[in-house]
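For ligands, and for the atoms within them, numbers begin at 1 and follow the listed sequence. Computed from heavy atoms alone, side chains included, the values below leave out hydrogens, waters and symmetry copies.
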Amino acid sequence: MAQLSIRNVRKNYGPVDILKGIDIELADGEFLVLLGPSGCGKSTLLNIIAGLTDVSSGEVRVGDRVINDVHPKDRDIAMVFQSYALYPNMSVAKNMEFGLEMRKVERSVREAAVAKVAKLLQIEHLLARKPAELSGGQRQRVAIGRALVREPKVFLFDEPLSNLDAKLRVEMRTEIKKLHQRLGTTIVYVTHDQIEAMTLASRIAIMKDGLVQQLATPAEIYDRPANMYVAGFIGAPAMNFLRGQIAQQEGKLGISALVTAHGAQGPRFLPLADPAPQLGGWLGRDIVLGVRPEAISIAGTVEPVAQLAEVEAEIDLVEPTGADTLAYFSMGGATTVARIRPQDVAGAGGTMRFAIDLSRSSLFDPQTEVRLN
Ligand code: ADP
Ligand code: MG
C-alpha cells in the first residue's frame, strides 16, 4: 500500500488552473523531489499535502486514510519551510517542543523527544538560544528538528536550502540525505535546483504548468527523458537537440542529419545499433535527436563503442570548468556543446573530429516533443 497517494488532484484559483490533475503514489520511505520552474505549482501541491490549502477536486491519502478534510495538525505530516518560520521569542527547545504541546503531549514525553532529536541533529548546545542568536544553517537545523519531534509519517520540505549560501547548501543537502537514510521517513521535497533533485531523490516528479511531466528515478529521468521539456530541463549544459529524419541504409535504421560544419556536405547517415521496433514506421519522417554533452567526445579519445558516429566541426568556443571542458561548435546549424577532457582541447582551434555516442541518445517526435525510443 502506498504511504502517500495523490489522486487526480486539481486546484484552481477562480478561473486560473494551478494544478491540472496530479497523480502520485509514494511507497513508505521514498524520497520524492518535486522539481520545476518557479510558479509551476510545487508549493501549492505541498501545501495541499500538508493541509494548508484545500484541493478543488481529487484525493490525498496517507496510508489508507483519506485526509482531504483532516486538520493539518492531525495529519501525521510535518513541514519545513524555506523561511524556517521559527517563533522568535521562544528558545530553540521551546520552538521544537511547541507543536507537541499544542497536541497536548505530556511534558516528560516532549522533553525526551526534543533531547533525542537535538542529539540526532547535533544542536544540543543550542537549545537555550533564541533563533536570532543562530546562523542560517543552525536555524534550518532547528526547523528540521521541530518537524522531526512529531515523528511524522510524511515529511515535507519546501525549498529548505534556498536561503543558505552555496557551501552550506551542499553540507545541509548531505545531512538531509543522511537523515533520510537513518530515519527512513517518507519525504516530499520541493526544489527548483536540479542538483538537489538528482542527489536526494529516490524519484523525481518534474512539473511544468501544473502537470507532472515525468515521475521516475533520477537515472531514468536523466537517461530516458519522457519528452523534450524534461530533456532540456535536466542537465547542465542542456541536452543538444539535432534535427534529422529516420532513414534506412543497407537494411539498417538510422538518422539522416546535417551534421558537418556549416552543413556544406549534405546530410550524413548515422546508423542506430539497436533501434526500437516502432521506429520502422517513422522512415522518412522528421525526428529530433537528443545528445547529452558528455556523449560527445573528441574522436579517438574514448574506447570505440558500437554506435560512435564521427563528425567534423569547427570549434567556436572553449570553456574550461576545471574537471572538464565545454567545447561549443555548430552542427546542422545548431549550436552544440560537448563535455570533453581538458587535455583533449589543449591548443585546440579550428576544425576537430567529434565522436557522438548514439547509444546514449534520445529520439523525440518534433510535433508532440514526446520520446520515441
Ligand atoms: P512554485 O512553488 O512552483 O513556485 P506555487 O505553487 O507557489 O509555485 O504557485 C503556482 C501558481 O499559483 C503561481 O502562478 C501563483 O501565482 C499561483 N498562486 C499560488 N497561491 C495563490 C493564491 N492563494 N491565489 C492565487 N494564485 C495563487
Ligand atoms: Mg514554491
Does ligand 1 have any atom sitting under 4.0 Å from a heavy atom of Gly36? no
Angle between ring planes, Phe155 versus Phe157, binned at 30° and 60°: parallel, tilted or perpendicular?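 Plane angle between 30° and 60°, so tilted.
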Check for me whether Lys11 meets the cation-pi criterion with Tyr13, that is, NZ or CZ under 6.0 Å from the six-membered ring centre and within 45 degrees of the ring axis.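 Satisfied, under 6.0 Å and within 45°.
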[atom]: the protein heavy-atom neighbour that sits closest, reported with distance to 0.1 Å:
atom: atom 4 (O) of ligand 1; result: Gly39 N, 2.7 Å
atom: atom 21 (C) of ligand 1; result: Tyr13 CE1, 3.2 Å
atom: atom 7 (O) of ligand 1; result: Ser43 CB, 3.7 Å

Quick one: do Arg107 and Glu101 make a salt bridge, cutoff under 4.0 Å? no
Within ligand 1, which atoms have a heavy atom of Ile18 less than 4.0 Å away?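 Those atoms are 10 (C), 11 (C), 12 (O), 17 (C).
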For Ser38, the atoms of ligand 1 under 4.0 Å from one of its heavy atoms are 4 (O)
Hey, does Phe364 have a side-chain heavy atom less than 4.5 Å from the side chain of Leu372? no
Going by heavy atoms in the side chains, are Val337 and Glu319 under 4.5 Å from each other?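 A side-chain contact under 4.5 Å is absent here.
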Is the number of heavy atoms from other residues, nucleotides or ligands under 6.0 Å of Lys153 NZ greater than 12?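 No, NZ of Lys153 has 12 or fewer neighbouring heavy atoms, counting only those of other groups under 6.0 Å.
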Looking at atom 16 (O) of ligand 1, would you say a protein heavy atom lies below 4.0 Å from it?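 No.
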As a check for students: among Met207, His192, Lys42, identify the option with a heavy atom nearest to atom 3 (O) of ligand 1.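 Ranked by closest heavy atom to atom 3 (O) of ligand 1, first place is Lys42.
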Could you tell me whether the Mg ion (ligand 2) has an N, O or S atom of Thr44 under 2.8 Å away?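 No, outside the cut-off.
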Using a heavy-atom cut-off of under 4.0 Å, does the side chain or the backbone of Thr44 touch ligand 1, or both, or neither? both
I'd like to know if the side chain of Asn12 pairs up with that of Ser56 as donor and acceptor (distance under 3.5 Å, no hydrogens or angles considered).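 Short answer, yes.
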